[in-house]
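Since we're looking at a predicted model, the values are computed, not measured. Each chain gets a letter, A, B and so on, in the order its sequence line appears, and its residues count up from 1.
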Number of protein chains: 2
Amino acid sequence: MTQRVGIKDVARVAGVSAATVSLVLNDRAADRIPPSTQERVRLAAQEIGYAPNRLARSLRTRRTHTIGLVSDRIATTPYAVRMVEAAQDVARERGYLLFLVNTGGDPALERDAVAALLDQQVDGLVYACMWHRVLDDLPENLPADAVFLDARPATGGFPAVVPDDRGGAVAAVQELVDAGHRRIAFIDIDEEPPPVASGLRREGYLEVLRRAGIEPDPALHVRGVSDAAGGMAAASRVLDLPAERRPTALFCFNDRIAMGAYAAARHHGLEIPTDLSVVGYDDQQLIAAELDPGLTTVRLPHYEMGRWAVEVLLGARERPTDEDGVVLMPCPLVRRDSVAPPPTREPGRRRG
Amino acid sequence: MTQRVGIKDVARVAGVSAATVSLVLNDRAADRIPPSTQERVRLAAQEIGYAPNRLARSLRTRRTHTIGLVSDRIATTPYAVRMVEAAQDVARERGYLLFLVNTGGDPALERDAVAALLDQQVDGLVYACMWHRVLDDLPENLPADAVFLDARPATGGFPAVVPDDRGGAVAAVQELVDAGHRRIAFIDIDEEPPPVASGLRREGYLEVLRRAGIEPDPALHVRGVSDAAGGMAAASRVLDLPAERRPTALFCFNDRIAMGAYAAARHHGLEIPTDLSVVGYDDQQLIAAELDPGLTTVRLPHYEMGRWAVEVLLGARERPTDEDGVVLMPCPLVRRDSVAPPPTREPGRRRG
DNA sequence: GCACAACGCTAAATCGGTTTAACAAAACGG
DNA sequence: CCGTTTTGTTAAACCGATTTAGCGTTGTGC
């Protein structure tokens, strides 16, 4: 890892001073230095394979061209990994290198991570969460120009980007209403405190019902543990309802719940989408695309959010003018094969 | 991001020179400087909130306490993300910061990434792949002390860690043999060229059969596209065999294929594990644990490999003495509920 | 009272670049 | 031919720390 050739080696070979080399190689030469000399310097640099020591350069210029991404768990879980990818992509495109730190949500580690990154003189910091969160307390050493990703400080004051969970839910439920469904259950997750996304998606769900003139049935809003087993149990509860109250469609809080709903449907002898329509949320590749039939779901715009955050951080995109600086990233509906019109007759008991 | 207080500010407040401050704060003072002065310096540093500029320090000491992780896609896919987590954990534990770069496998980008990291004077480099790979050509500017993660150069010469795919397959198939199965199919993946893991797992499969005195039936080795649909198609082919040739157990190349195998079993009216046992590979959380019944599978030791790589890189663990420097990380069997003894009678057609 | 050692501390060099101010030589204007 | 610009280049300061060599003062031994 030892830096072999330095600027003065280039200078020696080209027969000029280090200052000249620096000027030429940074294109600060403009018209001060004749093309002949420039050529000579560049050739020398090329020849001996010179690459500037960025530490030295950064020390002087006070810009490191590095940014830090501190997250609770993104780099840890398969869930929101594309936010990291996006951040990385933007960083690379703009000539930046990305420091990645995972804190697991531990405030002490968070503080240390921020401090370590600042000591490294990073040019900017992104604070990211795995799930859409509203943060009550932040690391107190967070620089004023940090950007939030998939999270926003309760107090505002920082640029932040979060998914438009409400809008996504509207799209999902509207899809069901448009297919002709009137009895639509919401299979929510059972967590305390309820995640931000839960409340927002419920709002979207209720809004569509209201607009469609459908009276929400409290029995159709159930909660389950956020995994396939929980989804199956919760879905079973609504599918067990007497025929006239039973839903013809399920809006699931996420794809894992939807996976459980598929199982519940099977156990009830219902075929998807003929007898029962299902919509999920998250568009988890390993689930939504692999289920049979493919799950219609709402995609979380992780990549787009990741890009947004770093672009704003690097000044490549203008900060939101919005009062609290929060941007809602749209969650597009991904149509697959789990939605169909409701059955016209009593669902038949076909072979599962 | 401007570094406010510097070492000379501390010096001024404490009434000593910058040299003394450095000595004290780096514990190089030992007995040269009396406790009273040391105390004074530390207090001053504390008071004005001094944190050293690591760039300046690194420039002088020639150690940056940063490492680079360049990978084809790990940070991009949900698949092997725990390798990054592990790398991050070890880095943090030992006071290092981690640069993450994703190249998508593009050789030009790889070269640039390595160059950029070296220009940043990283103390070490990990070259990681998402899947177990044998690399024919490496970035030519890779430093000699790089470490390979989930990959190994064909030519050897670098420390490298890869999963013991063969051993994992042995454990998986042995589990089936121990349960009493004799007709065990291998649902392989259909890729050209076949991934390293495919060959190794097949070897393990064949070895167990041989040891158990079971003649391998070529009809029981099928290939399918590596997703649930492909797995379903491939599994169907062996399940369609006449009763006496039909397998009672399936060893699937990965969990996605196994997911498809579950669907195929359903379509054939077979219940898992009563009528058909299934073992997967990878232990993908979103699949293996969520399937019903839970999938017995082999876990890829991503976390352990990630730790190993960075520990070796940082000298916290001794390099393999092995000729080619490759370490095989064991893949433990994860028992869930998809394995049972083979049915004694003709499998009945229960309700699916 | 003097040589010498120990103590406590610091000036200055250094890492490898960037940047500014200025100098020498050439060109130009009158 | 002399004063002034312009041109081409560089010496030196600087970024903020670490590290080495050494300086002044006090203490010790004889």
Side-chain angles (χ1 to χ4, degrees), chain A residues 1-42 44-45 48-66 116 118-123, chain B residues 1-42 44-45 48-66 116 118-123:
Chain A
M1 295 299 139
T2 36
Q3 183 83 8
R4 289 281 105 237
V5 303
I7 198 171
K8 38 184 93 118
D9 297 308
V10 180
R12 189 161 22 71
V13 172
V16 295
S17 72
T20 303
V21 175
S22 175
L23 258 16
V24 170
L25 263 28
N26 289 297
D27 284 327
R28 266 185 220 303
D31 43 331
R32 319 268 309 120
I33 294 178
S36 61
T37 307
Q38 298 205 22
E39 186 65 10
R40 198 146 36 88
V41 169
R42 281 188 232 278
I48 65 179
Y50 168 69
N53 180 325
R54 289 202 160 249
L55 291 191
R57 186 214 292 276
S58 298
L59 183 58
R60 183 69 233 259
T61 62
R62 307 179 135 284
R63 314 214 75 232
T64 55
H65 282 261
T66 61
L118 293 181
D119 293 352
Q120 272 295 334
Q121 313 294 116
V122 291
D123 290 340
Chain B
M1 294 295 142
T2 37
Q3 183 80 12
R4 290 282 105 237
V5 303
I7 198 173
K8 38 183 92 118
D9 297 308
V10 181
R12 189 164 19 76
V13 172
V16 295
S17 74
T20 304
V21 175
S22 176
L23 258 16
V24 170
L25 263 28
N26 290 297
D27 284 327
R28 267 185 218 303
D31 42 332
R32 320 265 308 117
I33 294 178
S36 61
T37 307
Q38 298 207 24
E39 185 65 11
R40 200 146 36 87
V41 169
R42 282 188 232 278
I48 66 179
Y50 168 69
N53 179 327
R54 288 199 161 250
L55 290 191
R57 185 215 293 275
S58 298
L59 183 58
R60 183 69 234 259
T61 61
R62 309 179 132 284
R63 315 214 73 233
T64 55
H65 282 260
T66 61
L118 293 181
D119 293 350
Q120 272 297 332
Q121 313 294 116
V122 292
D123 290 340

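- Look at CZ on B/R28: it is 9 Å from P on D/dT18, rounded to the nearest Å.
- When rounded to the nearest whole Å, the span between CD of B/Q120 and C1' of C/dC15 equals 15 Å.
- Closest to the A/P34 side chain, of the nucleotides C/dC15, C/dG17, D/dT9, is D/dT9.
- Nucleotides of DNA chain C nearest to A/V21 and B/T20 differ in position, and the one nearer the 5' end is that of B/T20.
- When rounded to the nearest whole Å, the span between CG of B/L59 and P of C/dT18 equals 12 Å.
- Summary of the strand contacts: A/A18 and B/I7 both lie near DNA chain D, and taking for each the nucleotide with the nearest heavy atom, the more 5' one is attributed to A/A18.
- Counting only distance, with no hydrogens or angles, the side chain of B/N26 and the backbone of B/R28 share no donor-acceptor pair below 3.5 Å.
- Atom CD of B/Q38 and atom C1' of C/dC9 are 12 Å apart (whole Å).
- Looking at heavy-atom distances under 4.0 Å, B/T37 makes contact with sugar-phosphate atoms alone, never a base.
- At a threshold of 4.0 angstrom between heavy atoms, the contacts of B/T61 are confined to the sugar-phosphate backbone, with no base atom among them.
- At a threshold of 4.0 angstrom between heavy atoms, the contacts of B/V16 are confined to the sugar-phosphate backbone, with no base atom among them.
- Atom CZ of B/R54 sits about 9.5 Å away from atom OG1 of B/T64, to the nearest 0.5 Å.
- For A/Y50, no side-chain nitrogen or oxygen approaches OP1 or OP2 of C/dG16 to under 4.0 Å.
- A donor-acceptor contact shorter than 3.5 Å links the side chain of B/Q38 to the backbone of B/I33.
- Atom CG of A/L55 is separated from atom C1' of D/dC15 by 12 Å (rounded to the nearest Å).
- Distance OG/A/S58 to CG/B/N53: 9.5 Å, rounded to 0.5 Å.
- Residue contacts for B/R32: at a heavy-atom cut-off of 4.0 Å it reaches a base atom on one of the strands shown.
- Which of D/dT9, C/dT19, C/dG17 sits closest to the side chain of A/A19 comes down to C/dT19.
- When distances run from any side-chain atom of A/R57 to the nucleotides C/dG16, D/dT7, C/dG17, the shortest one goes to C/dG17.
- Looking at which nucleotide of DNA chain C each of A/A56 and B/S17 is closest to, the 5′-most match is held by B/S17.
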- Query: Going through the distances and angles, do A/L25 and A/R42 end up as a side chain to side chain contact (heavy atoms under 4.5 Å, CB included)?
  - Reply: CA-CA 7 Å; A/L25 263 28; A/R42 281 188 232 278; 4.2 Å; yes
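- Across the protein-nucleic acid pair, B/N53 atom CG and C/dT14 atom P stand 21 Å apart, rounded to whole Å.
- As rounded to whole Å, 9 Å separates atom C1' of C/dG16 from atom CD of B/Q121.
- Residue A/R54 is classed as having no contact, given no heavy-atom separation below 4.0 Å to the nucleic acid.
- A/L23 comes within 4.0 angstrom of a base, heavy atoms only.
- Annotation: the terminal axes of the helix from C/dG1-D/dC30 to C/dG30-D/dC1 meet at 60°, where each axis is the rotation carrying the C1' atoms of four end pairs onto the next four (5 pairs per end, rounded to 10°).
- For B/D27 and D/dT18, the CG to C1' distance is 14 Å, given to the nearest whole Å.
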- Would you sort out whether B/T66 and A/Q120 count as a side chain to side chain contact (heavy atoms under 4.5 Å, CB included), showing the intermediate values? CA-CA 10 Å; B/T66 61; A/Q120 272 295 334; 3.8 Å; yes
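- One distance of note links CG of A/L55 with CZ of A/R57; it measures 11.0 Å at 0.5 Å rounding.
- How far CG of B/L59 is from CZ of A/R60: 13.0 Å, rounded to the nearest 0.5 Å.
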